[in-house]
Amino acid sequence: MEERKLELVVTSIHKIDLSENEVSETELSNDDTDFYKYIRGSINEVSLASGGRKYRLRSDNTEVVNVLLSNLSGGEKFDSTIPKRLLREEINVQAKIARMNREINEGLLIVSIIVDNDVKKAVVCKVEDLQFINKVNLKLDSGYPIKRKIFRSAQFILDKENEITDIIVHDLNSKGATYWWDDFLELDELWDDNYNTKTAFHNIDTKVLSKIKKESVSDHTYLRNATIRYFRTSKEFSIEKFIDDCFEGYNPVEPDKVDIEEIKKSIRSLPQKFDFDERFDLKPAEITAKIKSTIHLTDEIDLVIKDEIDIENTISSEMIANKKYLRIRSDEGYEAFNRIKKQRNK
């Protein structure tokens with residue numbers, strides 16, 4: 001994984017033990033040890049993570065934020081205030097989900113003040129225990145994944161006056177844990193799902209796809225229809241998943257005019273430019289655009305498909321006496337065409 005210029009000003013690590021209802025500090029060892037490299041790499045993973053969602057402070061006096069802001073200079077390690085708050089909230093959640101045979105995994109809570117490429121940040125992240133079979137003694141064991149998986153994190157980005165300018169929350173699970181940002185961090189979503197759905201689609205359509213139409217109508221039609229279909233049928237928007245589903249592996253009709261890599265780059269830049277999240281639950285009702293395609297039949301006739309259709313039961317192709325025909329099932333079309341024929345035969 002790429003590592004940026006990253007300084008750990010102060011970092012505290014606490015084990016969150018739900019079964020014993022306690023937190024315990026884990027010392028951060030020297031910088032030449034595997035554990036130090038693991039923790040640093042985990043913080044780096046948070047700083048590089050894409051697909052986050054933006055939040056805002058619910059109040060200027062929330063517990064976690066106050067503790068973070070009180071130690072921006074790194075004068076001393078963080079105490080157990082933040083870990084104990086997380087423990088309380090996770091115990092509450094565990095009591096609610098136990099009847100569904102689900103449980104919250106224990107793990108390490110990392111709290112750190114960092115300077116990331118000359119930008120100061122306060123970072124809170126959780127690495128969860130993973131169970132595995134020890135290959136030496138073949139017994140059940142637990143530990144932290146070397147291929148790091150930050151299950152939940154929050155970055156508080158600060159300006160030169162140490163004022164919070166942005167708050168970005170990540171959750172590995174597709175359905176984020178509400179308790180993490182709502183109860184533990186006491187944050188509010190900056191943008192809701194309806195706003196995100198409408199804004200993301202509008203900007204992808206008007207700022208990126210519309211430019212393709214000037215170069216290649218066929219490529220524009222295909223990619224816009226794929227985008228509409230994604231927004232209508234997917235449960236969640238993730239900017240990387242969207243790009244993979246709709247653009248990865250696509251071979252343009254006009255390859256000299258349509259640069260797919262440049263299109264993907266433009267899409268990745270949209271959330272920051274036009275204020276929407278990189279990941280959110282989709283609200284298909286917000287999408288009013290129609291899937292449209294045009295099939296050229298003859299110099300005088302085009303077949304325009306204005307939305308999704310059951311093509312197997314609506315349109316079929318036939319060969320009759322060595323001549324090619326399209327058969328279209330349509331009560332309205334049948335009646336309208338017969339009226340035209342009657343008028344011409346009068």
Side-chain angles (χ1 to χ4, degrees), residues 1-6 38-56 110 112 114-128 145-158 164-178 180-181 185 187 189-193 195-205 207-209 223 226-227 230-231 234-250 259-282:
M1 174 180 285
E2 172 195 356
E3 185 157 317
R4 310 198 284 202
K5 181 182 175 184
L6 184 67
Y38 175 78
I39 295 298
R40 180 186 174 86
S42 297
I43 295 171
N44 181 63
E45 182 178 334
V46 172
S47 70
L48 287 171
S50 61
R53 189 156 186 174
K54 289 193 174 184
Y55 286 76
R56 61 172 178 265
I110 305 168
S112 186
I114 68 173
V115 179
D116 174 17
N117 275 2
D118 299 321
V119 176
K120 185 177 281 190
K121 300 177 181 179
V123 173
V124 181
C125 58
K126 182 182 178 184
V127 183
E128 294 188 350
I146 295 300
K147 292 184 178 179
R148 288 175 292 274
K149 294 284 188 183
I150 298 297
F151 285 80
R152 295 186 179 95
S153 69
Q155 296 183 73
F156 298 82
I157 294 127
L158 304 153
I164 295 173
T165 59
D166 279 304
I167 303 170
I168 303 172
V169 174
H170 291 84
D171 198 310
L172 187 65
N173 297 320
S174 59
K175 293 293 289 182
T178 302
W180 174 259
W181 57 265
L185 297 172
L187 303 174
E189 293 172 331
L190 188 57
W191 303 306
D192 66 19
D193 292 327
Y195 166 88
N196 275 319
T197 300
K198 185 163 49 177
T199 305
F201 179 82
H202 172 77
N203 284 290
I204 292 168
D205 190 23
K207 301 299 188 297
V208 179
L209 299 180
L223 293 172
T227 297
Y230 180 94
F231 272 77
S234 302
K235 292 182 179 180
E236 182 191 44
F237 178 89
S238 162
I239 199 157
E240 292 302 324
K241 183 70 164 57
F242 165 68
I243 289 171
D244 285 347
D245 286 2
C246 297
F247 297 88
E248 196 64 47
Y250 175 71
D259 186 337
I260 293 298
E261 291 305 314
E262 193 61 33
I263 289 168
K264 292 193 285 188
K265 181 180 176 181
S266 297
I267 290 172
R268 288 189 178 100
S269 72
L270 293 177
Q272 190 66 31
K273 288 182 179 178
F274 298 103
D275 294 337
F276 63 90
D277 288 317
E278 295 182 8
R279 184 178 178 184
F280 51 86
D281 290 338
L282 282 164

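Since this is a predicted model, take the numbers as computed values, not measurements.
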Would you name the heavy atoms of [X] and [Y] that are closest together and state the gap between them?
| X | Y | result |
| --- | --- | --- |
| Leu158 | Ala122 | CD1-N, 4.3 Å |
| Leu187 | Val169 | CD1-CG2, 4.0 Å |
| Ser47 | Asp116 | CB-OD2, 3.3 Å |

[X] side, atom [atom1]; [Y] side, atom [atom2] - distance, nearest 0.5 Å:
| X | Y | atom1 | atom2 | result |
| --- | --- | --- | --- | --- |
| Leu282 | Thr197 | CG | OG1 | 4.5 Å |
| Ser238 | Glu278 | OG | CD | 8.0 Å |
| Ile267 | Ile243 | CD1 | CD1 | 5.5 Å |
| Glu261 | Ser266 | CD | OG | 11.0 Å |
| Ile168 | Arg53 | CD1 | CZ | 13.0 Å |
| Asp245 | Tyr250 | CG | OH | 15.5 Å |

Review point. In terms of the angle between their ring planes, are Tyr55 and Trp181 parallel, tilted or perpendicular, with boundaries placed at 30° and 60°?
Key: tilted
Is there a side-chain contact between [X] and [Y] (heavy atoms, below 4.5 Å)?
| X | Y | answer |
| --- | --- | --- |
| Ile157 | Val119 | yes |
| Pro271 | Asp277 | no |
| Phe237 | Asp193 | no |
| Arg152 | Cys125 | no |
| Ile110 | Val127 | yes |
| Arg40 | Leu6 | yes |

Check your understanding: So with a 6.0 Å cut-off around NZ of Lys198, is the heavy-atom count from everything else above 12?
Key -> no
Can a donor-acceptor pair be found, under 3.5 Å and without considering hydrogens, that links the side chain of [X] to the backbone of [Y]?
| X | Y | answer |
| --- | --- | --- |
| Gln155 | Val46 | yes |
| His170 | Ser153 | no |
| Asp205 | Phe201 | no |

Exercise for review: Determine, stepwise, if the pair Lys120 / Ile114 fulfils side-chain contact (heavy atoms from CB on, under 4.5 Å).
Suggested key: CA-CA 6 Å; Lys120 185 177 281 190; Ile114 68 173; over 6 Å; no
Taking only residues two or more places apart in sequence or in another chain, which ones pass salt bridge (Lys or Arg N to Asp or Glu O under 4.0 Å) with [X]?
| X | value |
| --- | --- |
| Arg268 | Glu240 |
| Lys207 | none |
| Asp166 | Lys54 |
| Asp259 | none |

Review point. Would the Phe276 and Tyr195 ring centres measure less than 6.0 Å apart?
Key: no
Point to revise | Phe247-Phe242 aromatic ring centre distance below 6.0 Å | key: yes
Check your understanding: For Phe156, what residues pass the ring pair (Phe, Tyr, Trp, His ring centres under 6.0 Å) criterion, not counting sequence neighbours?
Key -> none
Exercise for review: Report the residues that fulfil ring pair (Phe, Tyr, Trp, His ring centres under 6.0 Å) with Phe274, sequence neighbours left out, ordered by chain and then residue number.
Suggested key: none
**Study point:** Test log, rule side-chain contact (heavy atoms from CB on, under 4.5 Å), inputs Glu236 and Arg279
**Key:** CA-CA 7 Å; Glu236 182 191 44; Arg279 184 178 178 184; 2.8 Å; yes
Check your understanding: Between Lys5 and Asp118, does a side-chain contact (heavy atoms from CB on, under 4.5 Å) hold up when you go through it step by step?
Key -> CA-CA 8 Å; Lys5 181 182 175 184; Asp118 299 321; 3.5 Å; yes
**Study point:** Glu248/Lys264 ion pair, N-O < 4.0 Å
**Key:** yes
Exercise for review: Carefully, step by step, assess Tyr230 and Thr227 under the rule side-chain contact (heavy atoms from CB on, under 4.5 Å).
Suggested key: CA-CA 5 Å; Tyr230 180 94; Thr227 297; 5.7 Å; no
